[in-house]
Amino acid sequence: MNEKELRRSMSVFPIGTVMTLTDLSARQIRYYEEQDLICPERNEGNRRMYSLNDIDVLLEIKDYLADGINMAGIKRIYELKEKEIEHEEKSTLTDEDVRRILQDEFLALRGMNLKGTSRFF
DNA sequence: ATTCTCACA
DNA sequence: TGTGAGGA
């Protein structure tokens with residue numbers, strides 16, 4: 001890990017700062033952690049300390065939510081990213097294979113979230 | 001003043 | 001997800 005990645009993964013913000021930066025409630029921020037979407041560290045006083053990477057993820061989650069994707073769907077998206085990384089490391093599949101898989105999953109996600117909604121009318 | 005965990009008239 | 005209690 002280079003210096004740049006190290007800085008982005010350095011936990012330095014208390015939840016209050018993250019709340020104003022992301023416009024999310026403390027409840028939501030802690031809940032997303034419970035869903036393993038972010039992993040803030042704890043300081044001496046058991047206070048959660050967030051990194052720039054955590055904030056980026058939180059902002060992404062907000063976008064997905066705005067697009068009508070639920071928690072189950074968001075979790076699947078990040079699980080796919082992990083698989084994508086595994087594939088890169090093992091170089092088992094071609095980039096095209098991975099792209100096709102991600103594309104299929106994304107379409108499946110939209111279909112899942114479209115059911116029983118009047119959002120588009 | 002802030003954040004933490006837990007629980008629900 | 002909100003919110004309030006009770007402690008640190």
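In what follows, every chain begins at residue 1, and chains take the letters A, B, ... in the order their sequences are listed. Below, each value reflects all heavy atoms present in this structure, side chains not excepted, and no hydrogens, waters or symmetry copies.
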- Task: Sequence neighbours left out, what passes side-chain hydrogen bond (donor to acceptor under 3.5 Å, both in side chains) with A:E44? Give chain and number order.
- Result: none
- Judged by atom type as modelled, is there a donor-acceptor pair below 3.5 Å linking the side chain of A:K62 to the main-chain atoms of A:L24? no
- Query: Atom CD of A:E34 and atom P of C:dG2: how far apart are they, to the nearest Å?
  - Reply: 14 Å
- Roughly how many Å is it from CD in A:Q28 to P in B:dT3, rounded to a whole number? 16 Å
- Query: Does a side-chain heavy-atom distance below 4.5 Å link A:M71 with A:I74?
  - Reply: yes
- Item | Close side-chain approach of A:D54 and A:F13, heavy atoms under 4.5 Å | no
Between protein and nucleotides 4-8 of chain C, what N or O pairs are separated by less than 3.5 Å?
none

- Walk me through it: do A:L52 and A:M10 pass the test side chain to side chain contact (heavy atoms under 4.5 Å, CB included)? CA-CA 7 Å; A:L52 289 173; A:M10 196 155 43; over 6 Å; no
- Note on the structure: Here the distance between atom P of C:dG2 and atom CE of A:M19, to the nearest Å, is 9 Å
- Message: What is the distance, to the nearest angstrom, from the CD1 atom on A:I29 to the C1' atom on B:dT3?
- Response: 12 Å
- Task: Could you summarise the pairing of DNA chain C as dot-bracket text, marking Watson-Crick and G-U pairs under 3.5 Å with ( ) or [ ] inside the strand and | across strands?
- Result: .|||||.|
- About how many Å separate CD of A:Q35 and CD1 of A:I61, when rounded to the nearest 0.5 Å? 9.5 Å
- Query: To the nearest 0.5 Å, what is the distance between CZ (A:R27) and CD (A:E34)?
  - Reply: 8.0 Å
- Message: For residues A:M19 and A:V57: do they belong to one hydrophobic cluster (side chain heavy atoms under 4.5 Å, members Ile, Leu, Val, Met, Phe, Trp, Tyr)?
- Response: yes
Is there any protein nitrogen or oxygen under 3.5 Å from a nitrogen or oxygen in nucleotides 5-9 of chain B, and what are the pairs?
unit_1	atom_1	unit_2	atom_2	d
B:dT5	OP1	A:R42	NH1	3.2
B:dT5	OP1	A:R42	NH2	3.0
B:dT5	OP2	A:R48	NH2	2.1

- Task: Give a yes or no on whether the backbone of A:I69 and the side-chain of A:D67 come within a donor-acceptor separation of less than 3.5 Å.
- Result: no
- Query: Pick one: which of A:V18, A:I55, A:L58 meets side-chain contact (heavy atoms from CB on, under 4.5 Å) with A:I38?
  - Reply: A:L58
- Note on the structure: Rounded to whole Å, CG of A:D23 lies from P of C:dT1 at a distance of 13 Å
- Task: Mind listing the residues from residues 55-62 of chain A sitting with a heavy atom below 4.0 Å of DNA chain C? Number order is fine.
- Result: none
- Sequence neighbours left out, what pairs pass salt bridge (Lys or Arg N to Asp or Glu O under 4.0 Å) with at least one residue falling in residues 6-17 of chain A? A:E3-A:R7, A:R8-A:D56
- If we only count heavy atoms from C-beta on, is the A:P14 to A:R47 side-chain gap below 4.5 Å? no
- Message: Starting from A:M49, can I reach A:L59 by hopping between I/L/V/M/F/W/Y residues whose side chains sit under 4.5 Å apart?
- Response: no
- Query: Expressed in angstrom and rounded to an integer, what is the separation of A:E44 atom CD from B:dC4 atom P?
  - Reply: 13 Å
